[in-house]
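Below: one structure, written as structure tokens.
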Amino acid sequence: MRKILLIFQNSILRNKLAIALAISAAALMSFIFYGKTNADAGVYTEDTVSVGIVDSDNSALSENLGKYFTDSLGMEAIYENYDILSTRLIDRQISAIIEVPRGFESSAISGTPEKLEITTLDDYANSAFIEAYINSYMRGVSVISQAADNNAETFSKMLSSQKAPNTVTLAEANSQTDKRVKTADAYDLSVGFMLMVISGITVFISNQILVDRQLGTLDRMKCSSLKSSEYVIGISLFGVLCCTAANLLFNLFAYSIGGEMPVPLWIALGANELFMLFSVGLAMLFALLVNDQRSLMTIGVGYATIGSMLGGAWFPIELELGFVSNIAKIFPQYWLMDLLRKYPDDPNFNVLPNVCILALSSVLVYLVSAVIFTRKNA
């Protein structure tokens, strides 16, 4: 154990730049996350959802319907004829047209309120919300009608004294959805950047092993009491802890200010940690296979950039991409980002396959590295 700690301390002294890069990467990722979540916030909250009302009844009840949309739901009610409103609907200036028929109030007083005609565009996202609000309003009218017992004066008094329902407005719903989406997008972007930086940090580990090979340090280990396994564990420990610092600092910051995050903290930390274990093992494998620093740098930087891109760190790799999607599944980045992107849409998403692939990839790369290292030092 003492010799492992000596190798670990020696790695710190030789790779101070890697430590600085890990801390700087965490700070930069936190800045990106904070900037994107705050810069894009409130996209929907500044927009006012509008509905058009064709009022053929001109009664207190139809007026109350307009106040329901404006006062209770925070929308804008526009009273015009159908031709004008239909043009606005086609131009998507309003979400729906609500037609109030003649005799609407009298039919409500009698206990058989007429149905309101609603015209929406099928692909307009707000139509379902508006229809739900209309149904809720009509249920309230039916309750008042039954309580008034067909008395117009009582109905009018109860209608005017009716309190605004405790309803989540469409603007508030859009604002909440917008914040969740922006937070998830910001987190995906930051994690994608982190995957590239972590792969870059491991280049320092590869370089340390390669330099030891070139200087004959690995050969001299045969004549010393230092075991090969202790050397490997000491360097791996430095690499994992260095990458873990970036992972932990960024995630703790993001989850402390991010509100509703796309995945639980333990899943985010665990999945990222498995990828970092793989990256450190791959760095050791590169160092054992490559014989000069220029080639090692080219391979390391190439994997950090191209591997992150093909693995879906920057954008989702869809199945429709065919051959590219099959290549993407070779990279652990794909399985990590697949987990982070699918879990928010489905809280019951089974994370076990993704986690197992990440874990098995890490085990495999360490086993291959161990075999090559043993043979080179046999």
Shortest non-hydrogen separation from Ala22 to Cys242 and the atoms involved: CB-O, 3.5 Å

Val141 backbone acceptor or donor facing Ser145 side chain under 3.5 Å: no

Heavy-atom pair of closest approach, residues Asn151 and Thr154: OD1-N, 2.9 Å

Distance-minimising heavy-atom pair for Ile32 and Ser190: CG2-OG, 3.9 Å

Within residues 351-361 or reaching into it, pairs that qualify as salt bridge (charged side-chain N to carboxylate O under 4.0 Å, His left out) - sequence neighbours excluded: none

Between CG on residue Leu248 and CG on residue Leu265, distance to nearest 0.5 Å: 8.5 Å

Pair Ser62-Asp57, side-chain donor/acceptor within less than 3.5 Å: no

Verify same cluster id: Val363, Trp335 (apolar side-chain graph, 4.5 Å): no

Heavy-atom donor-acceptor pair, Ser110 side chain to Ser107 backbone, under 3.5 Å: yes

Thr70 (side chain) donor-acceptor with Ala77 (main chain) under 3.5 angstrom: no

Within one Ile-Leu-Val-Met-Phe-Trp-Tyr cluster: Met276 and Val355, side-chain cutoff 4.5 Å: yes

Non-neighbouring partners of Glu63 that pass side chain to side chain donor-acceptor pair (under 3.5 Å), sequence neighbours left out: none

Inter-residue atom distance Cys243.SG - Leu195.CG, 0.5 Å rounding: 11.0 Å

Working for side-chain contact (heavy atoms from CB on, under 4.5 Å), residues Glu273 and Val240: CA-CA 8 Å; Glu273 201 64 28; Val240 171; 3.7 Å; yes

Pairwise distance CG(Leu277) to OH(Tyr366) - rounded to 0.5 angstrom: 5.0 Å

Pair Phe104-Asp55, side-chain contact (heavy atoms from CB on, under 4.5 Å): steps then yes or no: CA-CA 10 Å; Phe104 177 58; Asp55 190 1; over 6 Å; no

Residues in ring pair (Phe, Tyr, Trp, His ring centres under 6.0 Å) contact with Phe250, at least two apart in sequence or another chain: Tyr187

Shortest non-hydrogen contact from Ser206 toward Met284: OG-N, 4.4 Å

Leu340 side, atom CG; Lys342 side, atom NZ - distance, nearest 0.5 Å: 12.0 Å

Any donor-acceptor pair under 3.5 Å from Ser256 side chain to Leu252 backbone: yes

Polar side-chain atom of Thr120 near backbone of Ala96 as donor-acceptor pair, under 3.5 Å: no

Point-to-point distance, once rounded to the nearest 0.5 Å, from CG of Asn350 to CG of Leu339: 9.5 Å

Common cluster, Trp266/Tyr343, ILVMFWY with side-chain heavy-atom separation under 4.5 Å: yes

Tyr79, OH atom: more than 12 neighbouring heavy atoms under 6.0 Å: yes

Nearest atoms (heavy-atom pairs only) where Val280 meets Gly239: CG2-C, 3.7 Å

Side chain to side chain, Phe238 and Ile19, heavy atoms closer than 4.5 Å: yes

Main-chain N/O of Leu61 paired with Glu105 side-chain donor or acceptor, under 3.5 Å: yes

Ser95 and Leu89, any side-chain heavy atoms less than 4.5 Å apart: no

ILVMFWY cluster, Leu28 and Leu17 together (side-chain gap under 4.5 Å): yes

Sub-4.5 Å side-chain heavy-atom contact between Phe275 and Asn247: no

Validation row: Val100, Ile53 side chains within 4.5 angstrom (heavy atoms): yes

Short side-chain to backbone donor-acceptor contact, Ser295 and Val290, under 3.5 Å: no

Check: Phe69 and Ile134 side chains under 4.5 Å, non-hydrogen atoms: yes

Donor-acceptor contact below 3.5 Å, side chain Asn272 vs main chain Ala268: yes

Rounded distance [0.5 Å steps], CD1 in Ile98 versus OH in Tyr133: 12.5 Å

Heavy-atom closest pair, residues Pro113 and Met138: CB-CE, 3.8 Å

Tyr255 side chain reached by Val263 side chain, heavy atoms, under 4.5 Å: yes

Heavy-atom donor-acceptor pair, Ser56 side chain to Arg102 backbone, under 3.5 Å: no

Test log, rule side-chain contact (heavy atoms from CB on, under 4.5 Å), inputs Phe278 and Leu358: CA-CA 8 Å; Phe278 171 84; Leu358 288 169; over 6 Å; no

Gln93/Ser50 under side chain to side chain donor-acceptor pair (under 3.5 Å): CA gap, chis, key distance, verdict: CA-CA 7 Å; Gln93 296 176 358; Ser50 302; over 6 Å; no

Shared hydrophobic cluster, Leu249 / Val191 (ILVMFWY, side-chain heavy atoms < 4.5 Å): no

More than 12 heavy atoms of other groups within 6.0 Å of Met297 CE: no

Ile97 vs Ser86 side-chain heavy atoms within contact, under 4.5 Å: yes

4.5 Å side-chain heavy-atom contact, Asn354 and Leu336: no

Evaluation steps, side-chain contact (heavy atoms from CB on, under 4.5 Å), between Ile94 and Leu85: CA-CA 8 Å; Ile94 59 176; Leu85 293 178; 4.2 Å; yes

